[in-house]
*Asks:* 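One structure coming up, written as structure tokens, with questions to follow.
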Amino acid sequence: QVQLVESGGGLVQAGGSLRLSCAASGSVFSRDLMGWYRQAPGKQRELVATLTSGGTTNYADSVKGRFTISRDNAKNTVYLQMNSLKPEDTAVYYCKAVRLGVGSFWGPGTQVTVSS
């Protein structure tokens, strides 16, 4: 089974930045469709950003222009650079991998808190 572990969460002031990392096990990371999701208290989990193996990105309207998803295949790691953070970005952020013909996998999440 693919294993994902997020890191880099923390407490920041509004307008600040954080860089989240998602480390994946296995040797076929480059084939995966990667995504970042988030879930705020009392709300459903929502898609934040996706990145295909071919380099195509997609972002939720709420984060477009502020967040950037990227990957380093040699390190089996995907990143989410978050700039100009807002209090409404406060949530647990989850990494997801989809491997065609195998399945989808989630990390345990990392907390991001943005203060006013």
Side-chain angles (χ1 to χ4, degrees):
Q1 182 180 329
V2 174
Q3 291 183 291
L4 306 173
V5 180
E6 303 95 338
S7 62
L11 174 64
V12 298
Q13 287 187 312
S17 298
L18 282 175
R19 189 194 193 197
L20 305 184
S21 298
C22 174
S25 65
S27 60
V28 293
F29 174 77
S30 62
R31 297 168 53 191
D32 296 344
L33 170 66
M34 303 300 300
W36 285 97
Y37 292 72
R38 67 186 183 187
Q39 187 167 22
K43 297 184 178 180
Q44 292 187 318
R45 191 171 299 183
E46 64 176 349
L47 177 66
V48 175
T50 59
L51 175 64
T52 71
S53 59
T56 300
T57 59
N58 187 53
Y59 299 93
D61 288 342
S62 59
V63 307
K64 193 171 298 182
R66 300 188 297 121
F67 291 11
T68 303
I69 186 172
S70 63
R71 71 199 303 163
D72 185 334
N73 290 332
K75 298 182 183 295
N76 275 8
T77 301
V78 64
Y79 305 95
L80 184 67
Q81 179 66 47
M82 305 185 295
N83 299 324
S84 302
L85 284 162
K86 306 174 181 179
E88 50 263 46
D89 295 319
T90 296
V92 176
Y93 283 71
Y94 298 91
C95 179
K96 181 184 180 181
V98 178
R99 189 167 294 173
L100 293 179
V102 178
S104 59
F105 308 89
W106 293 87
T110 185
Q111 177 71 46
V112 172
T113 303
V114 184
S115 62
S116 300

*Asks:* Step through the shown structure and confirm whether more than 12 heavy atoms of other residues, nucleotides or ligands are within 6.0 Å of CD on Glu46.
*Replies:*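 Yes, the 6.0 Å shell around CD holds more than 12 heavy atoms from other groups.
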*Asks:* Search all heavy atoms of Leu4 against all heavy atoms of Pro108 and return the closest pair with its distance.
*Replies:*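 Result for this residue pair: O-CD, 3.3 Å.
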*Asks:* Can you see which heavy atom on Trp36 is nearest to which on Cys22, and at what distance?
*Replies:*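 Closest pair (atom of Trp36, atom of Cys22, distance): CZ2-CB, 3.7 Å.
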*Asks:* Asp32 vs Val78, test: side-chain contact (heavy atoms from CB on, under 4.5 Å). Steps then yes/no.
*Replies:* CA-CA 11 Å; Asp32 296 344; Val78 64; over 6 Å; no
*Asks:* Any idea how Phe67 and Tyr93 line up, ring-wise: parallel (<30°), tilted (30 to 60°), or perpendicular (>60°)?
*Replies:*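 Tilted, since the angle between the ring planes falls between 30° and 60°.
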*Asks:* If you compare all heavy atoms of Ala91 against all heavy atoms of Arg38, which two are closest, and at what distance to 0.1 Å?
*Replies:*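 Scanning both residues, the minimum pair turns out to be CB-CB, 3.8 Å.
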*Asks:* Using side-chain heavy atoms (C-beta onward) and a distance below 4.5 Å, is Met82 in contact with Asp89?
*Replies:*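 Met82 vs Asp89: side chains apart.
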*Asks:* Is it true that a side-chain atom of Thr77 and a backbone atom of Ala23 form a donor plus acceptor pair closer than 3.5 Å?
*Replies:*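 Checked: no pair found.
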*Asks:* Test your reading of the model: is there a side-chain donor-acceptor pair from Thr68 to the backbone of Gln81, 3.5 Å cut-off?
*Replies:*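 Absent.
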*Asks:* Flag yes if more than 12 heavy atoms outside Glu88 fall under 6.0 Å of its CD atom; otherwise flag no.
*Replies:*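 Atom CD in Glu88 is crowded, with more than 12 foreign heavy atoms closer than 6.0 Å.
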*Asks:* Check for a donor-acceptor pair, side chain of Glu6 on one end and backbone N or O of Gly109 on the other, with a separation under 3.5 Å.
*Replies:*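 Checked: pair present.
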*Asks:* Please lay out, stage by stage, how Gln111 and Thr90 fare under the test side-chain contact (heavy atoms from CB on, under 4.5 Å).
*Replies:* CA-CA 8 Å; Gln111 177 71 46; Thr90 296; 4.0 Å; yes
*Asks:* Using side-chain contact (heavy atoms from CB on, under 4.5 Å), reason through Ser21 and Lys75 one step at a time and then give a plain yes or no.
*Replies:* CA-CA 11 Å; Ser21 298; Lys75 298 182 183 295; over 6 Å; no
*Asks:* If two hydrophobic side chains count as joined below 4.5 Å and joins carry through other members, does Val102 share a cluster with Val2?
*Replies:*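 Per the 4.5 Å side-chain linkage, Val102 and Val2 are co-clustered.
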*Asks:* Group every Ile, Leu, Val, Met, Phe, Trp and Tyr by side-chain heavy-atom contacts under 4.5 Å, then state whether Tyr79 and Val63 land in the same group.
*Replies:*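 Different clusters.
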*Asks:* For the hydrophobic clusters of this structure (ILVMFWY residues joined by side-chain heavy atoms under 4.5 Å, transitively), does one cluster hold both Tyr37 and Leu51?
*Replies:*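 No, Tyr37 and Leu51 fall in different hydrophobic clusters.
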*Asks:* What about Met34 and Val112, same hydrophobic cluster or not, with Ile/Leu/Val/Met/Phe/Trp/Tyr joined at side-chain heavy-atom distances under 4.5 Å?
*Replies:*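 Met34 clusters together with Val112.
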*Asks:* Please report the closest heavy-atom contact between Leu18 and Gly8, naming both atoms and the distance.
*Replies:*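 Between these two residues, the closest heavy atoms are CD2-O, 3.7 Å.
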*Asks:* Measure the CG-OG1 distance between Asn58 and Thr52 for me, rounded to the nearest 0.5 Å.
*Replies:*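 So the gap between those two atoms works out to 10.0 Å.
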*Asks:* Could you pull out the closest heavy-atom pair between Leu80 and Ala49, with the gap in Å?
*Replies:*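 Reported closest heavy-atom pair: CD1-CB, 4.3 Å.
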*Asks:* Do Trp106 and Val92 sit in the same hydrophobic cluster, where Ile, Leu, Val, Met, Phe, Trp and Tyr count as joined when their side-chain heavy atoms come under 4.5 Å apart?
*Replies:*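 Linked within one cluster.
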*Asks:* Dump the intermediate steps for side-chain contact (heavy atoms from CB on, under 4.5 Å) on Leu47 and Lys96, then the final yes or no.
*Replies:* CA-CA 10 Å; Leu47 177 66; Lys96 181 184 180 181; over 6 Å; no
*Asks:* For the side chain of Tyr59 and the backbone of Ile69, is there at least one donor-acceptor N/O pair under 3.5 Å apart?
*Replies:*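 Yes.
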*Asks:* Please determine if Lys64 and Asp61 form a salt bridge, counting it only when a charged side-chain N lies under 4.0 Å from a carboxylate O.
*Replies:*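 Yes, charged N to carboxylate O under 4.0 Å.
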